[in-house]
Amino acid sequence: MFKVSVYLPFLILNEMTNTVIQHKGTYIWKLQPGELYEGTSPEIKWLEFLPPNVGTSYRRSRLIQSTKMVLEAYINTPLRKWRAGISMGTVLGRYGQLRTIAQWMVARGKWQFSELTPDDVLAFLEARRPRHGEGPTARSTILRYLVLFESLWEFRGKYHGSLRFNMAEFEDEVWEHCEVRDSRPWRATEEEFAVALIADSLDWLRKHGQLMRSVAGEIYTAHTKMVGLSFYQKHKLSSALYAGICAKPEFIQMAKALQLPPGGYGVHRAFTIAVGAAMNVLLFMVGFRASELVRLDADCLTIRVDPIHGKIPYLKGIAAKKGGIAREWVAGDPVPEIVKWLLDLHERSRGTHRALFIARSNGSSIPLPGRRLRRMSSASPITAMQAFANAPFRSDRPKAHLHPHAARKTFAAFVVKRDKSALESLSLHFGHVYRAFTDGAYAGDLELARLVDRADRDELGRGLAELLSSPQLAGKGAGSVLDLKKQSRFRGEVALTSMVEQLIERGAKLAPCNWGYCLYSQPLSACKGDSRGPNDILRSPEVCCGCANFVVTRKHLPWWESRAKGDAEFLGREDVPEQTKSVVMRRLAHSETVLRELVMAKKS
């Protein structure tokens, strides 16, 4: 049985000035939305905290006031020493939990937290049910409420009518009485499903994207002429407009594939499916969170020129974590094509609005003239991507439970399944501080942990095959690989496969990285690795260059060339201090040694 471990007492002394509450009124608290939620006005409405017409005014106001004090104490007390504050979403989530507890209390005639007993809390926890479906609630749900009740105990001197016991002391009883299930985090979809969905999405937009742009422009133009007309006149003109659109031969062809009803609803549904196709491509090929996707601006696409790889497209946006800092994602083909289509789709509707994804006006297929424009909500991608995935013309395609976070984890699976050395880059792409988080939580869920386990042998085989078949090798470990190659009396693919299998059976370990391979042997490890493999903290190009386990192939040549070129340019500057110059010269010497060995290997 695990215990709730929230260490709040020593932190209470280090309270912080809250910045998440923008305005604190008697009945409404306005929260600071932050960069990620631009254009929103999140509020806590205290008049809606309790059910109407229950209890006296005094009892209601006292419970609400007590809850306000709890929530403010929670906001002002950081959960961790390294966290500067909490977000608007976290505050709203905690408010929702407190509201659930308070409504359960008043339904049983309890109007202060001090009236609760451990049996009451146990009954409350036993009554929790999953939001979707039947069966027991998730263990994580019970754990979150246990954390909240422990907070109520820790904050007992900061609000009226405080809780009189520490629920952590009764945790064993909770787990004995509450029927729970393991949490079901979003898992990555099967590759067969994801590849088919991406291909269908691209094909659909390339076939029908121009039609949808044309229809959007036609609807916008027609509605500019309806401004000032009566409801009846607008309805009559709209019916004629949508009838004309549905009579177009190309729209009839599309409607047949989607089994759309005639009229405005059919056009409305066609736009949902088209935008869903675009979202599928972006979510599966970039790995956005839903909130990051809808927060993209119209000018999000930028191109940079790299001396090695040429033009590289990026998408600029706002991170869902780290307080909404600005960040970028690499966006290879066909992502720029999709972004351009989204820009063109509502080009006339957008005007000066910054958002890439604009919510359509109520009751219409597109954002209409004269209406207030707003961004799509973070719930919109779920509806849209599922609308395309479940479209009738895809009835024979593989099925899966689709969600933006499942797409994000599938993207991670695509990357790591093909090259586990990309975990470091993947962590940066996702905005994770530690590579271990990506490896465990994302690479762990395709479960990427399971996928990586299954792929380990295949990956090891591919790496060993590349080493044994490479005509160019460098590094202190190159001699060991050449000795292995000499042990085989035969040449060809069959002999290579046989040797790889033998090495795997003998327990060979291969640790890839951006700058080479580590054909790992613990006694020879310069990075002081252990029985599991190299030491990721001490491992670096300089350390590897002096290690007898290190081997470089032709595959890593661009990395070393780029490094050498950058160092040489840096040393050409006049303002470089001598100490810095000495360090960079050593780096350049290592790079030149590796490049020279690769060139000599090619000549021989």
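Sequence positions, counted from 1, serve as the residue numbers for this chain.
The CD1 atom of Ile198 lies 8.5 Å from the CG atom of Asn280; values are rounded to the nearest 0.5 Å. Lys225 contributes atom NZ, which lies 13.0 Å from atom OH of Tyr220 (distance to the nearest 0.5 angstrom). For the atom pair NZ (Lys234) and OG (Ser239), the distance works out to 13.5 Å, reported to the nearest 0.5 Å. If you take OH on Tyr27 and CD1 on Ile64, they are separated by 9.5 Å, rounding to the nearest 0.5 Å. We find the CZ-CZ distance between Arg375 and Phe357 to be 10.5 Å, quoted to the nearest 0.5 Å. One distance of note links CZ of Arg62 with OH of Tyr58; it measures 4.5 Å at 0.5 Å rounding.
Taking the six-membered ring for Trp and the full ring otherwise, the centers of Phe124 and Tyr145 sit less than 6.0 Å from each other. Side-chain rings of Trp329 and Phe288 approach one another, their centers coming within less than 6.0 Å. Under the 6.0 Å cut-off for aromatic ring centres, Phe170 and Trp175 do not qualify, their centroids lying 6.0 Å or more apart.
Between His403 and His405, the two ring planes are perpendicular [angle over 60°; tilted spans 30° to 60°]. Ring-plane geometry between His268 and Tyr265 is classed as parallel, the angle between the planes falling under 30 degrees on a 0 to 90 degree scale with a further cut at 60.
The local environment of CG in Asp299 is crowded, with over 12 non-hydrogen atoms from other residues, nucleotides or ligands closer than 6.0 Å. Other residues, nucleotides and ligands contribute over 12 non-hydrogen atoms within 6.0 Å of the CZ atom of Arg128.
A pairwise comparison of heavy atoms in Phe193 and Leu402 identifies CE2-CD1, 3.7 Å as the closest pair. In this structure, Ala387 and Thr272 approach most closely via the heavy-atom pair CB-CG2, 3.9 Å. The minimum heavy-atom distance linking Met376 with Ser380 is given by the pair CB-OG, 3.8 Å. Taking all atoms of both residues into account, the shortest heavy-atom contact from Ile219 to Ser365 is CD1-CB, 4.3 Å. Of all heavy-atom pairs between Ala331 and Leu315, the closest is CB-CG, 3.7 Å. Heavy-atom minimum distance, Leu356 versus Cys300: CD2-SG, 4.2 Å.
Side-chain atoms of Phe49 and Tyr95, non-hydrogen and from C-beta on, do get closer than 4.5 Å to each other. Looking only at side-chain heavy atoms (C-beta outward), Ile44 and Lys68 stay at 4.5 Å or farther from each other. Under the 4.5 Å side-chain criterion, counting only non-hydrogen atoms from C-beta, Gln32 is not in contact with Met88. Side chains of Pro334 and Leu202 form a contact here, defined as non-hydrogen atoms less than 4.5 Å apart.
The backbone N or O of Glu126 sits less than 3.5 Å from a side-chain atom of Arg129, completing a donor-acceptor pair. Distance alone, capped at 3.5 Å, is enough to place a donor-acceptor pair between the Glu292 side chain and the Arg289 backbone. In terms of modelled atom types and a separation under 3.5 Å, the side chain of Arg59 and the main chain of Thr56 share no donor-acceptor contact. Between the side chain of Ser162 and the backbone N or O of Arg156 there is at least one donor-acceptor pair closer than 3.5 Å. Of the possible polar contacts, one joining the Thr410 side chain to the Ala406 backbone as a donor-acceptor pair under 3.5 Å is found. The main-chain N or O of Trp111 is found under 3.5 Å from a side-chain atom of Glu115 such that the two form a donor-acceptor pair. For Arg350 (side chain) and Leu343 (main-chain N/O), a donor-acceptor pair under 3.5 Å exists by modelled atom type. With Arg327 contributing its side chain and Ile318 its backbone, the two residues share no donor-acceptor pair below 3.5 Å.
Taking the centre and axis of the six-membered ring of Phe271, the NZ or CZ atom of Arg360 falls outside the cone set by 45° and 6.0 Å. By the 6.0 Å and 45° rule, Arg99 does not stack over the aromatic ring of Trp104. In this structure, Arg94 is positioned above the aromatic face of Tyr74, its NZ or CZ under 6.0 Å from the six-membered ring centre and within 45° of the axis.
With sequence neighbours left out, the side chain to side chain donor-acceptor pair (under 3.5 Å) criterion links Lys340 to Asp344. Partners of Ser57 by side chain to side chain contact (heavy atoms under 4.5 Å, CB included), not counting sequence neighbours: none found. Checked against side chain to side chain donor-acceptor pair (under 3.5 Å), Thr117 has the following partners two or more places apart in sequence or in another chain: Asp120.
Under the side chain to side chain contact (heavy atoms under 4.5 Å, CB included) test applied with Leu125, the options Thr141, Val174, Thr137 reduce to a single match, Val174.
A donor-acceptor contact closer than 3.5 angstrom links the side chains of Gln233 and Ser230. Between the side chains of Arg372 and Ser361, no donor-acceptor pair is found at a separation under 3.5 Å.
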CA sep, side-chain torsions, deciding dist, call: Glu218, Thr221, side chain to side chain donor-acceptor pair (under 3.5 Å): CA-CA 5 Å; Glu218 186 176 344; Thr221 299; over 6 Å; no

